[in-house]
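Remarks on the structure that follows.
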Amino acid sequence: MFESLSEKIKGALNKIARAGHIDKPVVDQLIEEIKRALLSGDVNVALVEEFGKNIEKKAFEKIAPGMTRKEHILKLIYEELTNIMGAEKPVISLKPKKILLCGLFGSGKTTTASRLAKYYKKQGLRCAVVCCDTVRPAAYEQLEQLAKKVDVQFYGEKGEKDPAALIVRALKKIKADVIIVDSSGRDALDKELINEIASINSVLKPDERILVIPADIGQAAKEQADAFHKALDISDVIVTKMDATAKGGGALTACYATGAKIKFVTLGETPDDMEVYDPKKFVIRLVGMPDIETIVEKAKAAGLEEKAKKIMKADFDLNDFYEQMAGIGQVGSFSGIAGMLGLGNKIPKEMLDQQQEKSKKWKFMLDSMTQEEKQNPDVMEQSRIKRIAKGSGTSETEIRELLSNYHKTKKMSKQLGLSKMRQGDMAKLLRRGGIKF
Ligand SMILES: Nc1nc2c(ncn2[C@@H]2O[C@H](COP(=O)(O)OP(=O)(O)OP(=O)(O)O)[C@@H](O)[C@H]2O)c(=O)[nH]1
Ligand SMILES: [Mg+2]
């Protein structure tokens, strides 16, 4: 699968893995090599430049304890690549639906119709494919055979020239959860194609209008996606032939840059060669490092440890305090820190629930404070408290309560930092300290 791009990126990363000392020239060279690899994969120049700049900016920033510089840089590359490749995995709805496939000649619509049918069938849904390609003579047989192969219903009318009339009859006849309609292709998105799809659209009323784009057109996918979107209000994109080109990265980044949601990619000619497009998994394959996620997890954990240390040293301002308290109960925040201290599940659930409510109000209060007040809450006196209460729509008592909690937590944190905590001590301390949650 677009091996040449992957090989080049892996080559660059191997060099850094072998390097004894990571300094600016080493990183600059790495960035250059990856940029070159992306450009050869037909990724847009502006995107590639931005990718390079982001890595350059962050490569020598302070790293979390426990991380090495190499790991930090690998993590950056993984994150930045994921950002340009689509960031999030799409959600595939399993509700009954009607799908219309469209695209230019030979993009892979008909084969993809059978792949989608197979995919949804595997999820337990009854599927049917409809041949609405009334232009190409062999289209009927092609889809009929594919439907047989994946064992789903097929509907078509040989000789019918009006796709809209065909759809009306098809909808009456077919009993299925998912109806997938294959349409005819054209050389270009011309008036004829737009009119035809618009007429199918008006009778079918599809839930999804999917554009099928072949990866081998590289970043030209952007123009195609834009044009189809303008004319036909495309809901999703499927990028086909990822196996057959070095330009796959270019096509994916280009589609994503238009705001199109890439749902699936196809990687071969059989009905099985399709998968949900998962940018993270894709980048892992690209960089050839299955353990990259472990590094990212490690970085997250190191970030938490840093926060925990800050708390133990009682070195935090109102911003940090709010961040911790607002996050109570959420993974990766206060409970995560408590977990690292071995106190994770010792904070009572009611306490957590109440805290979530309270922190909403605290957010308003903090928004009404000046930077100085947040960084140095000791400056807070009567007139400031009054102003903040007014600005945030809360009462002076509530603001005093926030300040009191902050000071108590700070005091408690000092104790925490000084003594070796045993499991359960945290909850006891919270209660003993009179912290109202
Ligand atoms: N290597 C590779 N070939 C593919 C892939 N998807 C489709 N093809 C091939 O591309 C060719 C065109 O596929 P079709 O599904 O017929 O494309 P279409 O969009 O229906 O074409 P028209 O109906 O003529 O517009 C066929 O030979 C497919 O086998 C893929 O993911 N990888
Ligand atoms: Mg076709």
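These values consider heavy atoms only, across backbone and side chains, with no hydrogens, waters or symmetry-generated copies. The first residue of the sequence shown is numbered 1, and numbering continues consecutively from there. In each ligand, atom 1 is the first atom listed, and ligand 1 is the first ligand listed.
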Below the 3.5 angstrom mark, is there an N/O of [X], backbone or side chain, next to an N/O of ligand 1?
X	answer
G268	yes
T240	no
G106	yes

Within a strict 4.5 Å, meaning less than it, do heavy atoms of the [X] and [Y] side chains meet?
X	Y	value
D162	E160	yes
F228	L104	yes
L252	M242	yes
F264	V237	no
C255	I213	yes
L232	N201	no
R36	K8	no
T245	I217	no

Of all the non-hydrogen atoms in the protein, which one sits nearest to [atom], and at what distance?
atom	value
atom 11 (C) of ligand 1	K241 NZ, 4.2 Å
atom 27 (O) of ligand 1	E269 OE1, 3.7 Å
atom 18 (P) of ligand 1	K109 N, 3.4 Å
atom 17 (O) of ligand 1	G108 N, 3.0 Å
atom 24 (O) of ligand 1	R136 NE, 3.2 Å
atom 31 (O) of ligand 1	T266 OG1, 2.6 Å

Would you say [X] touches ligand 1, if touching means a heavy atom closer than 4.0 Å?
X	answer
D243	yes
Q142	yes
S107	yes

Subject >> N-O pairing of K35 and E80 below 4.0 Å >> reply: no
Original post:
Ion pair present between D177 and R126, side-chain N to carboxylate O less than 4.0 angstrom?
Top reply: yes
Original post:
Do the side-chain N and O atoms of T110 and D182 include a donor-acceptor pair separated by under 3.5 angstrom?
Top reply: yes
Heavy atom under 4.0 Å from ligand 1: found in [X]'s side chain, backbone, both, or neither?
X	result
R115	side chain
L267	backbone
T112	neither

Subject >> Nearby protein N/O/S atoms (those under 2.8 Å) for the Mg ion (ligand 2), with water ignored >> reply: T110 OG1
Only heavy atoms of [X], strictly under 4.0 Å: list the atoms of ligand 1 that pass.
X	result
G185	25 (O)
T111	7 (C), 13 (O), 14 (P), 15 (O)
D133	23 (O)
T110	15 (O), 18 (P), 20 (O), 23 (O)
F105	24 (O), 25 (O)

In a table with atom names and distances, give each donor-acceptor pair under 3.5 Å that connects a side chain of residues 139-154 to protein atoms at least two apart or in another chain.
| residue | atom | partner | partner atom | Å |
| --- | --- | --- | --- | --- |
| E141 | OE2 | K158 | NZ | 2.8 |
| Q142 | OE1 | R136 | NH2 | 2.6 |
| Q153 | NE2 | K175 | O | 2.8 |

**OP:** State, to 0.1 Å, how close D23 and F60 come at their nearest heavy-atom pair, and which atoms those are.
**Re:** C-CZ, 3.5 Å
Subject >> For I63 against H72, the heavy-atom pair lying closest together >> reply: CG2-CG, 3.2 Å
